[in-house]
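Every chain is numbered from 1, with letters handed out A, B, ... down the list of sequences.
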2 protein chains.
Amino acid sequence: MEQDSLDQTFLLGLVGHSARLASSGIRPLFAQRMAGHDLRQAEFAVLSLLDANPGISQKRLADAINVSPPNMAAVLTRLLERGLIRRERQPSDQRMQILLLTPAGTRLYRKAAATALDLDQEATAMLTPAERRELLRLLKKVNEAQAAPQGQGT
Amino acid sequence: MEQDSLDQTFLLGLVGHSARLASSGIRPLFAQRMAGHDLRQAEFAVLSLLDANPGISQKRLADAINVSPPNMAAVLTRLLERGLIRRERQPSDQRMQILLLTPAGTRLYRKAAATALDLDQEATAMLTPAERRELLRLLKKVNEAQAAPQGQGT
DNA sequence: TATTGTTATACTCTATAACTATA
DNA sequence: TATAGTTATAGAGTATAACAATA
């Protein structure tokens with residue numbers, strides 16, 4: 001039995017620490033359930049964004065989920081090899097590549113999305129629906145401001 | 001210029017994903033500012049917990065910040081080598097080790113804690129004070145339930 | 001037999017530099 | 001010269017199995 005009388009006042013007053021804890025607490029459950037679909041977190045996120053935004057570029061994908069371009073390339077390579085996505089050069093700007101789900105990718109995503117929603121709700125079952133919505137709203141506010149600080153980052 | 005018209009509705013409805021995004025957004029700022037103290041996230045967390053809870057065991061430390069015992073051993077080794085913490089066997093139960101900050105560890109922690117609080121507040125400056133408090137309350141609720149599911153995990 | 005902690009190891013994730021090609 | 005994407009590589013974080021010592 002754990003005596004959880006630890007004083008964590010300072011650490012739990014940091015959003016960075018608290019968010020990391022929540023993330024690391026949910027991660028194992030996500031990994032375990034998603035193993036059935038053979039999808040990792042970043043892979044699932046890519047499928048989700050492509051389902052909702054067919055034809056976007058790798059850059060926008062990478063920016064949205066905070067993955068560096070080299071690491072995104074590796075994620076996409078694996079999804080391409082599995083036949084879950086396809087890509088084409090954009091005619092108007094040949095530097096860009098347009099990404100799309102294949103029919104197999106769409107089918108897998110539908111199943112995986114149901115799994116993801118289930119497990120996420122289980123992992124947050126201690127919150128009321130209103131609390132959960134509020135938590136998501138506040139995290140979104142933090143994340144949107146991160147993505148676009150005030151012009152240029154550096 | 002980014003056209004942030006991406007539809008991320010589904011992903012941002014997952015607490016796991018949103019928490020991970022927030023964490024990964026704040027991490028680089030944390031790392032950059034803490035480099036001045038030569039402290040990584042887990043190391044800072046250990047110092048903070050030892051400052052508030054002198055004499056706790058490695059197990060309780062590891063549980064509190066979601067680090068596995070083998071990885072905690074590595075973190076502590078580095079802090080010991082730097083003379084920031086010390087440890088002793090507990091007389092009553094010789095399996096346990098009691099951890100304490102050294103005077104140098106306390107001094108470094110004081111400075112690092114001020115840095116951490118500053119950067120975390122900068123990173124969440126888009127929230128009102130009330131929103132920030134509410135976000136921390138909700139994350140705490142999620143994290144407390146994670147830590148102690150309902151008896152034993154497995 | 002269970003718990004605390006260690007060692008060794010592998011795997012994943014993240015970060016950076018250097019490069020190609022397009023613009 | 002700047003941007004999209006790639007390759008290669010290093011480093012940090014995470015996970016697991018096997019072990020020692022104590023209870």
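- A straight line from CE of Met72(B) to C1' of dG13(D) spans 13 Å, rounded to a whole angstrom.
- Here Arg40(A) does not reach the OP1 or OP2 of dT14(D): none of its side-chain N or O atoms lies under 4.0 Å away.
- If you take CE of Met96(A) and C1' of dA23(C), they are 10 Å apart, rounded to a whole angstrom.
- Atom CD of Gln58(A) and atom C1' of dT20(C) are 14 Å apart (whole Å).
- Close to dC13(C), at under 4.0 Å from its OP1 or OP2, lies no side-chain N or O of Arg20(A).
- A distance of 11.0 Å separates CD in Gln41(B) from CD1 in Ile26(B), rounded to the nearest 0.5 Å.
- Nucleotide dT12(C) holds its C1' atom 12 Å from the CD atom of Gln41(A), rounded to whole Å.
- For Lys59(B), whose side chain is taken as the heavy atoms from C-beta onward, the closest listed nucleotide among dG5(C), dA15(C), dT14(D) is dG5(C).
- Along DNA chain D, the nucleotide nearest to Pro70(A) and the one nearest to Pro28(A) differ in position, and the one closer to the 5' end is contacted by Pro70(A).
- Take the nearest nucleotide of DNA chain C for Ala42(A) and for Asp93(A): the residue whose nucleotide is more 5' is Ala42(A).
- Each of Arg95(A) and Leu76(A) has a nearest nucleotide on DNA chain D; the 5'-most of these lies closest to Arg95(A).
- Contact annotation: Arg78(A) side-chain N/O to dT12(C) OP1/OP2 distance is not under 4.0 Å.
- A donor-acceptor pair under 3.5 Å is formed between the side chain of Asp120(A) and the backbone N or O of Gly16(B).
- The backbone N or O of Gln94(B) sits less than 3.5 Å from a side-chain atom of Arg89(B), completing a donor-acceptor pair.
- When the nucleotides dG5(C), dG5(D), dT6(D) are ranked by their closest atom to the side chain of Ser57(A), dG5(D) comes out on top.
- In this structure, the nucleotide among dG5(C), dT6(D), dT14(D) sitting nearest to the side chain of Ala73(A) is dT6(D).
- Listed nucleotides: dA15(D), dA23(C), dA4(D). Nearest to the side chain of Gln94(A): dA23(C).
- A donor-acceptor distance shorter than 3.5 angstrom exists from the side chain of Ser18(A) to the backbone of Leu14(A), with no hydrogens or angles considered.
- The only option from Gln90(A), Gln97(A), Arg95(A) that meets the side-chain hydrogen bond (donor to acceptor under 3.5 Å, both in side chains) definition with Asp93(A) turns out to be Arg95(A).
- Evaluation of atom-type donor-acceptor distances gives a pair under 3.5 Å for the side chain of Asn71(A) against the base of dA15(C).
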